[in-house]
Amino acid sequence: MPEKKTIAKARKDKREGKSPSTQAGEFVHEEIEHVREGKHGARSTKQAIAIGLSKARRAGVKNKPSKTASKATKKKAAQDSRAATRKRSTGTAAKKSTARKRAAGTSARKSTAKKATARKSATRSRATTKALKREGHSAVSKRALSAQGRKSAAKRTSSSRSAAAKKAAHTKGAAGRKSAAKKAARTRARKAS
């Protein structure tokens, strides 16, 4: 279950008109923090990112998988998106339909109650958590995340990377660009010495 502050950050990003991948980034960041804190581990950087993206989709972020994603990844993404819509629909709508059925005198009360309370198996959930706790924490080190970022960027075309950089510079604003330029200058100076 994502933390309230993460959901709030993602909603803020949505209000500001930021892309779904930016909104999902909040959940990925939370997951990386969880691994660093020792709540659980991750076998690889990709696994930590995948868990974060899954949480984002389940929280209602409309983040589609890439066109080149595997069949299994696309299936999981669709499953997570469906889970998000189910969460939203169970609530007042379910209560109203149950009330209508009671008023009509139908005997289908048990089946609707079962559907509303259908939960993930506690045994399976415990097993997943236990398996993750056995994994290491080096998958989210600065070095590992940097390597993953470079690997991911290498798969993209140079024009795609360039367009993304231009868009980022544009959305950053004048003050943001100025501070970024200063930081870049400091980094260059440090590497030079």
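Computed from a prediction, not measured in an experiment: that's the story for all the values here.
K5 and E30 are not joined by a salt bridge, as no carboxylate oxygen comes within less than 4.0 angstrom of a charged side-chain nitrogen.
Across every non-hydrogen atom of A139 and A42, the tightest pair is CB-O, 3.5 Å. For the pair F27 and A59, the tightest heavy-atom approach, listed with the atom from each and the gap, is CZ-CB, 3.6 Å. Taking all atoms of both residues into account, the shortest heavy-atom contact from R161 to A153 is NH1-O, 3.3 Å. The two residues S138 and A144 have their closest heavy-atom pair at O-CB, 3.5 Å. Taking every heavy atom of both residues into account, K74 and P65 meet most closely at CG-CG, 4.0 Å.
R186 pairs in a side-chain contact (heavy atoms from CB on, under 4.5 Å) with only one of the listed residues (R190, R188, K182), which is K182.
Between D80 and S54, the side chains place a donor N or O and an acceptor N or O closer than 3.5 Å (distance only, hydrogens not considered). Under the 3.5 Å distance criterion, with hydrogens and angles disregarded, a donor-acceptor pair is assigned to the side chains of T73 and S70. No side-chain donor-acceptor contact under 3.5 Å links T128 and R124. Looking only at atom types and distance, the side chain of H34 has a donor-acceptor partner in the side chain of E3 under 3.5 Å away. Checked by atom type, the side-chain pair S19/T22 shows a donor-acceptor distance below 3.5 Å.
Expressed to the nearest 0.5 Å, how far NZ of K14 lies from CD of Q23 amounts to 6.5 Å. Atom CZ of R43 is separated from atom CD of E135 by 4.0 Å, given to the nearest 0.5 angstrom. R58 CZ to R82 CZ: the interatomic distance, rounded to the nearest 0.5 Å, is 10.0 Å. Here NZ of K46 is found 8.0 Å from OG of S152. Values are rounded to the nearest 0.5 Å. Note that the NZ atom of K64 and the OG atom of S81 stand 9.5 Å from one another [nearest 0.5 Å]. For the atom pair CD1 (I51) and CG (L132), the distance works out to 5.0 Å, reported to the nearest 0.5 Å.
Two residues are said to be in side-chain contact when any heavy atoms from C-beta on lie closer than 4.5 Å; R143 and Q148 fail this criterion. Residues R57 and N63 form a side-chain contact, since some pair of their non-hydrogen atoms from C-beta on lies under 4.5 Å apart. Within the 4.5 Å cutoff, the side chain of V35 has no heavy atoms near those of the K39 side chain.
Checked by atom type and distance alone, the side chain of S141 never pairs as donor or acceptor with a backbone atom of H137 at under 3.5 Å. Panel note: side chain T171, backbone K167; a donor-acceptor pair is recorded below 3.5 Å.
Under the 4.5 Å side-chain heavy-atom criterion for Ile, Leu, Val, Met, Phe, Trp and Tyr, V28 and V61 are members of distinct hydrophobic clusters.
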